Every structure is written in structure tokens, then in C-alpha cells.
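Here's the structure we're looking at; comments come further down.
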Amino acid sequence: MLPVRVRFAPSPTGPFHIGGARSALFNWLFARHYGGTFIVRIEDTDLERSTRESEENILNALRWLGLNWDEGIEVGGPNGPYRQTERLELYRRYTDALLKSGQAYRCYCTEEELAAEREEQLAKGEMVRYMGRCRDLSPEQCAALEAEGRKPVIRFRVPEDHVIRFNDLVRGEVSFDCGGIGDFIIVKSDGIPTYNFAVVIDDHTMSISHVIRAEEHLSNTPRQILIYEALGWQVPEFAHVSLILGQDRSKMSKRHGATAIEQYQAKGYLPEALVNFLALLGWSPGGEEEVLPLQQMVEQFSLERVSKSPAVFDLEKLNWLNGNYIRTSPLERITDMAIPFLEKAGYISLPLTEKKYEWVKMLVALVRDYLNCLEEITEHAAVFFDDKVAIDEGEAREILAGEKVPAVLKALKTKVTTGPALTETGAKRMLKEVGKELGVKGKEIFMPVRVALTGHTHGPDLNRVMAILGQDGVVRRLEQAIIGREK
RNA sequence: GGCCCAUUGGUCAAGCGGUCUAAGACACCGCCCUUUCACGGCGGUAACAUGGGUUCGAAUCCCAUAUGGGUCACCA
């Protein structure tokens, strides 16, 4: 078997999409599984829409996800440059060769003429394709057209009566009839090659062994194979991965919600959770365990286990996975990730003192069970940053209106005021003593205290809540509740 | 519309002719844990698109139909 060389070749025309990330991931997993090479190349032949900014975004997202590449843009390698607009000279060579051999020709049709042809075909229900008007122009005709000021495009002469077959590594045997493919453009009138042409030259000159990409490229494959054949090159293996769909089962796009990787990053999703989720979308591990560290995915990955049918993006499952990683990752890491969100909410200001950091860590440890993503920490932490407690409507107010409540709160306030700095065990002890002294049992003491301190009837462990609030915080909130009662 | 691809529970999916009275995960429901909630544990509801073949036997193979998707650019 040839050495495995795969590539991810995004066009830098917008934010880095979920679908692109999955393609990159599958290529990466494939390369790592077989000890091959993972290459990143930039396909920026669309001069209008390509920007360096989105190229940067994509590369950053790739790095954030942990998908490092061995060769390509920024890291270099023997087959560079890795940006298509920097390889124009190379494409020109092959264009000339095809022109010389008659496998390509110049076409002078205007966009208007092409559009008219297209509409006619569409109206007749035929396959839309170029009918070959300029196929057999003589040099004299070309010169005349050019004298008119028409700038030609270069089209590939598609052989008639030819069927392209290939064995797709995920879809199996696929075939296309060339009769349905018109002579397609390989070089635009501005001299820039089109995707279908450049991709073949790049993949070949970079010795790509397997082209793993999204299914939307399936119908481009016969065109590309035609070019490989015309140039006498060996055709690589293809693997077309099915698309990611939105809830309505159409190709996932912005209207389905967050589709850019950086949006998930900004909401506080962990890269490994996203990677794990993306891997599960269209691929299934052999065993029953679905929460998999990267290394295990590398070991288990194979194209044979990649699904042929499209997958609906399920945010609930991503949330579950991410929550899972939030709960099981080292506390310090989660704390560090949570800090920017707390800062942005105005709850803390940086830099943190050692003591304050430890305090934030306690807080994070307390609320992380509740989180789908780090962004949500602000809503769960809010109650610790404002001594003016807003009491929930309904049940919470009823609880606070209980007959024994003032006595309980006052007794606790006294205990906390006179006691040492609050700790989890200290709080627990005080609560117990208050209960004993007043002859009040369980719920009647815990619930009013919880409501007085947090405003809610539900929430994390009360002892730890008290420890985090600290002596002052607890006292202020108890006072406030007592005053509220007396009014 | 032409061409291409797909079709197992609400979602992701295992299954590659008998071991399928069809796994697992998310979601949902119930129970347990917890003087709350969440986490966690245990259990439950829920699926082979339809119709024809092939075969002793089909979720698995073939053909239609239906449904969904992709693609038909001087975009990639």
C-alpha cells in the first residue's frame, strides 16, 4: 500500500464550519491511524471571496481542535507552496499541455450566451451542460473572436460514450456517464484555474493517496478523474463522507443555529468534546463506549465504519458530551476556562489573587455539574455575586413565610456571626445545632435558609453554598431575609 | 427536471443471509441516591419506509415505488 497522505483543503471564504471540521477530523484520524501524513492546503482560487482573515480563522480553529498537520500552509514541506494562488505557474504548465494535446480548448462564449443555453436546457428538463459551441474553432476563428475583445476560458474536452467508475471507500461502486457531463471550465477568463482543475494538480503533485471529503463533492469526482486520465496520472482513492444536516434534514447552514467552530469555542465548549461529538457524527466506534479520548479514536478509526447516510446535528448530545467533559476534566482547567466568562459578566476582575482563585475554584467545583457549556456558568454563579437576593415567586416565598422561619434565620445568623470563618463542615455543624436548639427538623430548616441565601428552592449543596458565601455574605443575606419578614 | 447518493426508534447509530422475540448512546419516563436540584446508579417506552422477488431462511442480496438529500457556476 502506498504511504497514506491525506489533506484538508478549505477555501478561506468564511467562518470554519462544523462540516469542514468533521472532514478535517476524518482526514486527520485516518492519517494518524495509518501513520500517514496530514496536509493542509488553502484553496483560494475564488479571488472575490477568499480572505486572509478567514484563512487565519480556519487555521486557528484547526489548532484549537488539536488537529495538527505535518505538511502544508505555515509549516511548509517539500510540495509547496500550499496556497493555490501561489501555484499559478504550475497550473499553467498543465493547461498548456492539455491545450497542446487537444484535450482542452478555448471557449469564447459570453456569460449571456451560456445563461441562455442553460435556461433552455432547464426548461426542456435536460441536464444542464455546455453543448460545445467552441469545441472545434479554428485558430483563425479564435483570433477573430479575440480581436473582438473576447477573453476566452479554457474548457476540458469531455470524451463522449465513456463511463467513469470508481470505488468510493465509503459509498462503494459509483458510476457516471460522461454523456451527462458537458465540457467544463478548467481555467477562468482571468487565467485562474477552477477548483476541479487545481484540485487534481495539487492532489497529484502532493502525492495524495486518499481524498476524503464531503459528499457534496461526489458529482465533481468524475470530472476530476477525467483530468487524471488526460494527464496520465494515477487516480487516488476517494471517500465521500455524507453530509451533516440540520433539524429539518437539509444541509446544515447558518439558519440552523451555530455552525461555526468559533461560536462553540466562544460558548465554552471543550475542543475534545466537539471532536468526540463530530467523530460520532457519521462514524461509530467498534465498542459500546462513545466517550472516547482522541488516542482511542485514532486507534479505532476506519473508513469502513463511516456511515453512508447523512446525520442530523443533535445539539442535545453535544451538550451532554460537553457536560461530561466539564465534569471529568481537572478542576483547574475548567476553572481557568470559566474565568473569562465570570470576568465578562462583571463578577470578578483580573488578575485574581491566589485566595480569590481558590475561591473561584470552589465555586466552579460546586456548579460545574449543572453546565452544558462554560458560558452557562454565569447563570449558576450569579447568586454568589449579589447580596441582594431576589426571591423566586411562588414556593420560595411561601417557604420564607413559614412560622418558624424568623427564629431559624436569627439563630443561624447569631451562630455564623459569632463563629469562626465558614467552612463546609462548619456550616453543616451550625445548621445542625440550630435545628437541635429550636427543635426544628430537616426540611423546615434547610429550605428557608436555602431560599434566604439564594432565592431559590433548588440548588447545590447548602453547606458548600455557605462556605462560598462566607461569613459576611451569609450574615447579610440572613439579615435581609429577616427584615423582609418583619416588614 | 436530468444525474448521483441515501433510507433501522424523536436523534446518532450496531447489524455485513440464520446467534434479531434488532445492541449501545442522547432525549424522554420511572425508581434509587440526595432533607432540594443537579451529578451518579438502575430500569422502561420507542425502529428494520412500502411492494415485489432471490433463498430452506432477509434488517441484511436484487428490482420497483415512495421519501429525503446532494449536484447541475468563469464557487469551492
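In what follows, chains are A, B, ... by sequence order, proteins preceding strands, each numbered from 1. These numbers come from a predicted model, not from an experiment.
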Please determine, for [N], whether a Watson-Crick or G-U wobble partner exists with both distances under 3.5 Å, and give it or none.
{"N": "B:rA38", "value": "none"}
{"N": "B:rG43", "value": "B:rC29"}
{"N": "B:rU7", "value": "B:rA66"}
{"N": "B:rA22", "value": "none"}
{"N": "B:rC75", "value": "none"}
{"N": "B:rA13", "value": "none"}

How many whole angstroms separate atom [atom1] of [X] from atom [atom2] of [N]?
{"X": "A:Glu117", "N": "B:rA73", "atom1": "CD", "atom2": "C1'", "result": "13 Å"}
{"X": "A:Glu398", "N": "B:rU36", "atom1": "CD", "atom2": "C1'", "result": "16 Å"}
{"X": "A:Leu321", "N": "B:rA13", "atom1": "CG", "atom2": "C1'", "result": "14 Å"}
{"X": "A:Leu292", "N": "B:rA25", "atom1": "CG", "atom2": "P", "result": "14 Å"}
{"X": "A:Asn324", "N": "B:rA27", "atom1": "CG", "atom2": "P", "result": "10 Å"}
{"X": "A:Gln247", "N": "B:rC12", "atom1": "CD", "atom2": "C1'", "result": "12 Å"}
{"X": "A:Leu243", "N": "B:rC12", "atom1": "CG", "atom2": "P", "result": "13 Å"}
{"X": "A:Glu215", "N": "B:rC5", "atom1": "CD", "atom2": "C1'", "result": "5 Å"}

- Message: A:Tyr94 vs A:His204, test: side chain to side chain donor-acceptor pair (under 3.5 Å). Steps then yes/no.
- Response: CA-CA 12 Å; A:Tyr94 294 110; A:His204 176 262; 5.5 Å; no
Between [X] and [Y], is the ring centre distance below 6.0 Å?
{"X": "A:Trp28", "Y": "A:Phe8", "value": "no"}
{"X": "A:Phe156", "Y": "A:Tyr130", "value": "no"}
{"X": "A:Phe301", "Y": "A:His33", "value": "no"}

Given the [atom1] atoms of [N] and [M], what is the spacing between them in whole Å?
{"N": "B:rC20", "M": "B:rG9", "atom1": "C1'", "result": "15 Å"}
{"N": "B:rC31", "M": "B:rC39", "atom1": "P", "result": "16 Å"}
{"N": "B:rA27", "M": "B:rU11", "atom1": "P", "result": "16 Å"}
{"N": "B:rA13", "M": "B:rA76", "atom1": "P", "result": "30 Å"}
{"N": "B:rA58", "M": "B:rG52", "atom1": "P", "result": "13 Å"}
{"N": "B:rA22", "M": "B:rC5", "atom1": "C1'", "result": "26 Å"}
{"N": "B:rU71", "M": "B:rG51", "atom1": "C1'", "result": "29 Å"}
{"N": "B:rC4", "M": "B:rG40", "atom1": "P", "result": "48 Å"}

Which is true for [X] with a 4.0 Å heavy-atom rule: it touches a base, it touches only sugar-phosphate, or it touches nothing?
{"X": "A:His217", "answer": "base"}
{"X": "A:Ser284", "answer": "sugar-phosphate"}
{"X": "A:Gly180", "answer": "nothing"}

With respect to the side chain of [X], which nucleotide from [options] is positioned closest?
{"X": "A:Ala311", "options": "B:rA13, B:rC5, B:rG40", "answer": "B:rA13"}
{"X": "A:Phe446", "options": "B:rA14, B:rA73, B:rU35", "answer": "B:rU35"}
{"X": "A:Thr194", "options": "B:rA14, B:rA73, B:rA76", "answer": "B:rA76"}
{"X": "A:Ser307", "options": "B:rG68, B:rG70, B:rA13", "answer": "B:rA13"}
{"X": "A:Arg327", "options": "B:rG70, B:rG68, B:rG40", "answer": "B:rG40"}
{"X": "A:Asp46", "options": "B:rG68, B:rC75, B:rC5", "answer": "B:rC75"}
{"X": "A:Lys317", "options": "B:rA27, B:rC12, B:rA76", "answer": "B:rC12"}
{"X": "A:Val128", "options": "B:rA73, B:rA6, B:rC4", "answer": "B:rA73"}
{"X": "A:Asn196", "options": "B:rA76, B:rC4, B:rG70", "answer": "B:rA76"}
{"X": "A:Arg155", "options": "B:rA6, B:rC74, B:rC39", "answer": "B:rC74"}

Under 4.0 angstrom between [X] side-chain N/O and [N] OP1 or OP2:
{"X": "A:Arg118", "N": "B:rA73", "answer": "yes"}
{"X": "A:Ser250", "N": "B:rG68", "answer": "no"}
{"X": "A:Arg450", "N": "B:rU34", "answer": "no"}
{"X": "A:Arg305", "N": "B:rC16", "answer": "no"}
{"X": "A:Lys251", "N": "B:rU71", "answer": "yes"}
{"X": "A:Lys188", "N": "B:rA76", "answer": "yes"}

- Task: Let me know, please, whether A:Trp320 or A:Leu280 comes out on the 5' side of the other along RNA chain B by nearest nucleotide.
- Result: A:Leu280
- Return the 5'-most residue of the pair A:Leu462, A:Val306 with respect to RNA chain B, ranking by each residue's nearest nucleotide.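 Its nearest nucleotide lies further toward 5', so the answer is A:Val306.
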- Message: Within this structure, what is the CD-CG distance for the pair A:Glu262 and A:Asn57, rounded to the nearest 0.5 Å?
- Response: 4.5 Å
- Crowded around A:Lys267 NZ? As in, over 12 foreign heavy atoms under 6.0 Å?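 Check fails, neighbour count at 12 or below.
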- Message: Taking atom CD as the centre, does A:Glu160 end up with more than 12 heavy-atom neighbours from other residues, nucleotides or ligands that are less than 6.0 angstrom away?
- Response: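 Atom CD in A:Glu160 is not packed in, count stays at 12 or less.
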- Message: Between B:rG24 and A:Glu290, counting only base atoms on the nucleotide and side-chain atoms on the residue, is there a donor-acceptor pair under 3.5 Å?
- Response: yes
- Checking only heavy atoms, does the side chain of A:Asp314 share a donor-acceptor pair with the base of B:rA27 at less than 3.5 Å?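 Answer no: no donor N or O sits under 3.5 Å from an acceptor.
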- Message: Does this structure show an ion pair linking A:Arg83 with A:Glu55, if we count only N-O contacts that are shorter than 4.0 Å?
- Response: yes
- Message: Would A:Arg22 and A:Phe26 count as a cation-pi pair here, with the cationic atom under 6.0 angstrom from the ring centre and within 45° of the axis?
- Response: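 Ring-cation test returns yes.
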